[in-house]
Undergrad: 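Okay, handing you the structure first.
Since we're looking at a predicted model, the values are computed, not measured.
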Amino acid sequence: MRAAGRSVRTRLRDRIAASDPGLLRLTAGLRTVGAITLTLAVLALLRVDVHLLVAGAMAAMVATFAIREKQLGAQAVTLALGLPVALVSVSLGAVLSGRLAGDVFFIVLIFCAVYGRRFGDRGTALGMIGFQVYFLSLFVGATVSSLPALCGAIALAFCSSALVRFAMVPATPARVLLRLRLAFRARLAQLVSAQLDLLDAGPDEMDKALDTVREGTARLHETAMMIQGRLEEGTPDESAARLVQRRIADAEIAAERLGLLLLTARSAERADTLTLHLPGAPAPSVGRREVPDEATATLRRDLQTLRVLVLRAGSGDSGTGLAHVRNRLLGYRDEENLPSAPAAVQDVFRGIGESARSVLGLRIAMDGPQDESDDTPATARSREELDAEDAAIDGGEEQAPQEQTALDRPTTRAAVQVAVGSTLAIVGGELLSTERWYWAVLTCWIVFLNTASTGEILVKGYRRLLGTVFGVVAGIVLAGLVGQHTWTAFGLVLVLIFAMFYTAPLSYTLMSFFVTAMLGLLYTLLHTYSLEVLVLRVEETALGAACGVVAAALVLPVQTDRRTNELLGTVLERLADVTEAAVGQLSGGPADELLDKSRDLDQALADLRAATQPLTHPVTPLRARRHTARYVVALLETCAYHARTLAATAELLPTHPSIAADPRLRGAAGRTVRNIGTIAARVADEHAAARVETGPSIASLLGSDAGVPRYGRITDRVLRHLERLDEAVTGLARPLGVPVAGPRG
């Protein structure tokens with residue numbers, strides 16, 4: 001019973017870790033609700049007016065969610081600086097309320113708050129605190145006479161936020177990184193389960209199984225990127241950070257390769273890598289291969305075993321049984337240990353062996369040195385390879401990004417745009433309501449957060465309006481149920497606030513829904529609730545979103561096409577950097593910071609994916625552009641996968657005697673690098689006359705036969721990835737309108 005109980009708890013923990021990597025959403029929700037609860041408890045003991053209860057709750061929420069730094073010391077400094085900013089802001093809000101000077105100051109405050117983002121997380125936090133607390137003063141109707149009590153409630157809220165953050169719900173960078181690593185392990189296990197379903201899926205089930213594998217691969221990559229962003233703060237030194245970075249990259253690449261090999265084993269021919277990256281792409285035609293039942297059963301058993309190994313990695317569990325199955329899977333890296341099966345199925349067994357090796361590396365990185373008494377020669381060799389790689393890991397210096405100036409700087413442009421939009425929102429909002437015009441300003445402010453183009457602002461405004469409309473309906477229902485029961489209303493407010501923070505990274509529409517439903521309850525507490533007020537909320541929201549879009553479109557506009565082209569150029573530049581550096585090292589050139597370059601490519605691709613949301617949104621009327629954008633992003637993800645794999649292989653070169661440098665690779669891959677540059681030039685200037693080159697396969701340029709590549713030979717694997725990369729780069733030419741030249745005579 002105890003073992004069963006532990007198993008249930010472990011499964012539940014893994015499921016939570018996979019759904020909320022690092023428990024970041026749970027931590028944000030608990031901190032905010034805890035700070036609000038503590039503030040309300042103290043204010044209730046003081047028997048203050050309900051207006052102060054509402055003000056204290058809102059201030060506690062702002063003081064909690066505005067702080068974004070990762071280090072606890074930096075968080076404490078920002079929170080300490082935020083209190084005087086909040087007190088000055090609420091004081092000016094009370095003194096200037098109802099005057100033209102108040103509107104002017106609000107616009108100046110908004111400009112400064114957005115411009116402050118250029119100073120990093122602290123500037124962003126202080127600007128947000130200043131704006132939100134000024135909004136708070138308008139919401140509760142702050143007056144000069146009520147100012148002392150209001151300042152006291154805000155000070156209490158900041159103290160409550162600090163107590164909850166640093167004592168009750170602490171989250172050190174090292175602890176967050178540990179949770180993210182556990183989340184990576186859980187998501188890796190989920191991906192292996194999805195790959196197992198892909199193995200067993202019938203012809204009618206393949207599309208669904210492939211979609212699940214795609215989603216699992218994307219979720220695993222998302223977690224790897226989150227880990228990458230927290231390595232510097234969460235590890236004791238640079239060497240430890242690079243060790244974790246290397247092991248995470250190895251596991252991600254091995255898992256993605258295993259999915260491709262499984263798909264190929266189920267297909268009539270070698271599967272196209274793009275199939276794994278293009279959402280909605282149909283699965284290749286499959287049938288029941290003539291595979292011996294014994295091989296199929298062994299493959300299924302080994303995938304299940306691999307999943308167990310993944311779940312045990314980093315858990316501290318060990319034992320003879322675990323070592324035995326690990327040794328068996330690692331043995332597939334040797335040709336003589338492969339089961340009797342067709343070549344494509346044997347490649348899957350090799351892929352399982354490579355995945356087992358990456359899991360072993362994860363385990364060493366998370367748990368430290370392991371008991372080696374049960375090692376087989378294959379396992380001992382894998383350990384030696386991992387140790388050699390670890391010894392070769394060294395830190396590198398990062399180049400400082402180029403600083404933009406004046407109106408070219410995104411923060412300056414956004415500050416001017418939001419100031420103009422807020423001016424329009426104030427004028428229009430007061431025409432709708434002289435008392436609640438600030439809702440339009442709030443919406444205008446919010447649609448500019450984390451957006452960089454007119455299209456992004458339009459999509460965010462649409463989502464906020466949609467969430468607000470449904471939230472109004474929920475607010476009407478909840479307000480009717482609660483009536484005048486103050487503490488019941490506050491209890492529901494806490495539930496809605498937790499839901500708001502827990503769902504915020506997942507769906508902006510859901511977050512807006514919970515915010516609006518919560519406001520309906522707050523209006524009930526302030527005895528200002530009515531159906532007209534909630535309808536006015538929708539009208540002000542629509543007006544604020546419209547003002548934001550107008551300002552973004554007319555004042556220093558950044559069109560979606562221009563934004564996506566800039567980011568596309570960055571992705572292509574990073575892709576060329578990774579490819580050239582990896583091929584250079586594989587050709588015998590000097591070592592480079594390949595993993596860092598790979599992650600720079602991944603980050604640039606993530607930025608591009610976010611910027612194309614207006615083009616790929618389901619409601620976009622331009623269907624052809626939607627399909628083109630999705631196809632281009634999928635092709636780039638395919639390119640990134642092959643470039644990432646080349647980089648990882650190149651980093652093995654100094655430590656693995658089985659991998660030899662081949663000077664011919666540089667010349668053979670030169671066409672691919674030139675083609676990437678040609679496409680980048682065409683994206684930057686549509687009148688550029690250069691053409692993409694085509695010609696013989698890269699393998700033929702080296703005098704190799706790529707018809708039946710052998711997975712176990714590193715050189716052939718490199719050739720295969722180079723060929724797939726070359727094909728994907730050439731494939732980018734058509735949707736981007738780049739001319740393609742035929743083979744040279």
Undergrad: Pairs in or reaching into residues 212-221: which pass salt bridge (charged side-chain N to carboxylate O under 4.0 Å, His left out), with residues at least two apart or in two chains?
TA: Asp211-Arg214
Undergrad: Are the side chain of Ser507 and the backbone of Leu510 linked by a donor-acceptor contact shorter than 3.5 Å?
TA: yes
Undergrad: Tell me whether the rings of Tyr641 and His721 are parallel (<30°), tilted (30 to 60°) or perpendicular (>60°).
TA: perpendicular
Undergrad: If you measure from CZ on Arg181 to CG on Leu231, what distance do you get to the nearest 0.5 Å?
TA: 9.0 Å
Undergrad: Answer whether the closest heavy-atom distance between the side chains of Ser193 and Arg307 falls below 4.5 Å.
TA: yes
Undergrad: Are any of the side-chain heavy atoms of Glu456 and Gln613 separated by less than 4.5 Å?
TA: no
Undergrad: Donor-acceptor check, side chain of Thr638 to backbone of Ala634, threshold 3.5 angstrom: yes or no?
TA: yes
Undergrad: Using side-chain contact (heavy atoms from CB on, under 4.5 Å), reason through Met206 and Arg266 one step at a time and then give a plain yes or no.
TA: CA-CA 9 Å; Met206 278 295 292; Arg266 292 298 319 276; 3.8 Å; yes
Undergrad: Is it true that Arg599 and Asp596 have a side-chain N and a carboxylate O under 4.0 angstrom from each other?
TA: no
Undergrad: Please check this pair: side chain of Arg724 against backbone of Cys639, looking for a donor-acceptor N/O pair closer than 3.5 Å.
TA: no
Undergrad: Can you tell if the side chain of Leu299 reaches within under 4.5 Å of the side chain of Ile352, non-hydrogen atoms only?
TA: yes
Undergrad: Inspect the surroundings of CD in Glu580 and state if more than 12 heavy atoms from other residues, nucleotides or ligands are less than 6.0 Å away.
TA: no
Undergrad: Taking the side chain as every heavy atom from C-beta outward, state whether Pro739 and Arg682 have any pair of such atoms under 4.5 Å apart.
TA: yes
Undergrad: Measuring only between side-chain heavy atoms, which start at C-beta, is Leu362 closer than 4.5 Å to Arg185?
TA: no
Undergrad: Does Arg463 qualify as a cation-pi partner of Tyr508, given the criterion of NZ or CZ under 6.0 Å from the six-membered ring centre and within 45 degrees of its axis?
TA: no
Undergrad: Search all heavy atoms of Met511 against all heavy atoms of Ala504 and return the closest pair with its distance.
TA: SD-CB, 3.7 Å
Undergrad: Is the backbone of Ala283 close enough, under 3.5 Å, to the side chain of Asp207 for a donor and an acceptor to pair up by distance?
TA: yes
Undergrad: With a 4.5 Å cut-off on side-chain heavy atoms, are Glu222 and Arg187 touching?
TA: yes
Undergrad: Are the aromatic rings of Tyr332 and Phe349 close, with centres under 6.0 Å apart?
TA: yes
Undergrad: Looking at Lys597 and Asp577, is any side-chain nitrogen of the basic one under 4.0 Å from a carboxylate oxygen of the acidic one?
TA: no
Undergrad: Could you please spell out the steps behind the side chain to side chain donor-acceptor pair (under 3.5 Å) verdict for Gln228 and Gln245?
TA: CA-CA 7 Å; Gln228 173 71 16; Gln245 180 187 25; 3.2 Å; yes
Undergrad: Is the shortest side-chain heavy-atom distance between Leu736 and Thr628 below 4.5 Å?
TA: no
Undergrad: Looking only at non-hydrogen atoms, find the nearest pair between Leu601 and Val571 and report the distance.
TA: CD1-O, 3.6 Å
Undergrad: side-chain contact (heavy atoms from CB on, under 4.5 Å) between Val738 and Arg691: does it pass, once the steps are laid out?
TA: CA-CA 7 Å; Val738 184; Arg691 294 171 176 265; over 6 Å; no
Undergrad: What distance separates Asp600 CG from Leu605 CG, expressed to the nearest 0.5 Å?
TA: 12.5 Å
Undergrad: Which atom names give the shortest non-hydrogen contact between Ala650 and Ala582, and what distance separates them?
TA: CB-O, 3.7 Å
Undergrad: Using atom types as modelled and distance alone, determine if a side-chain donor or acceptor of Asn675 lies under 3.5 Å from a backbone N or O of Glu693.
TA: yes
Undergrad: Please walk me through it: do Ser598 and Arg644 pass side chain to side chain donor-acceptor pair (under 3.5 Å)?
TA: CA-CA 6 Å; Ser598 297; Arg644 193 187 311 130; over 6 Å; no
Undergrad: Has the side chain of Asp20 got a donor or acceptor atom that lies under 3.5 Å from a matching backbone atom of Arg25?
TA: yes
Undergrad: Might you work through the side-chain contact (heavy atoms from CB on, under 4.5 Å) test for Leu191 and Val310, ending with a clear yes or no?
TA: CA-CA 10 Å; Leu191 178 56; Val310 171; over 6 Å; no
Undergrad: Any salt bridge linking Asp602 with Arg574? Criterion: basic side-chain nitrogen under 4.0 Å from a carboxylate oxygen.
TA: no
Undergrad: Measuring from Arg630:CZ to Leu635:CG, what's the distance to the nearest 0.5 Å?
TA: 13.0 Å
Undergrad: Can you tell me if Gln346 uses its side chain to pair, donor with acceptor, with the backbone of Pro339 under 3.5 Å?
TA: yes
Undergrad: Compare every heavy atom of Thr564 with every heavy atom of Leu608, then report the nearest pair and how far apart it is.
TA: CD1-O, 3.6 Å
Undergrad: To the nearest 0.5 Å, how far apart are OG in Ser19 and CG in Leu26?
TA: 9.0 Å
Undergrad: Between atom CG of Leu276 and atom OG1 of Thr273, what is the distance when rounded to the nearest 0.5 Å?
TA: 8.0 Å
Undergrad: Mind running side chain to side chain donor-acceptor pair (under 3.5 Å) on His277 and Glu256 for me, showing each step along the way?
TA: CA-CA 10 Å; His277 298 114; Glu256 192 165 1; 2.5 Å; yes
Undergrad: Could you tell me the separation between the CZ atom of Arg326 and the CZ atom of Arg357, rounded to the nearest 0.5 Å?
TA: 13.5 Å
Undergrad: Are Asp302 and Leu306 packed together at the side-chain level, in the sense that at least one heavy-atom pair is separated by less than 4.5 angstrom?
TA: no
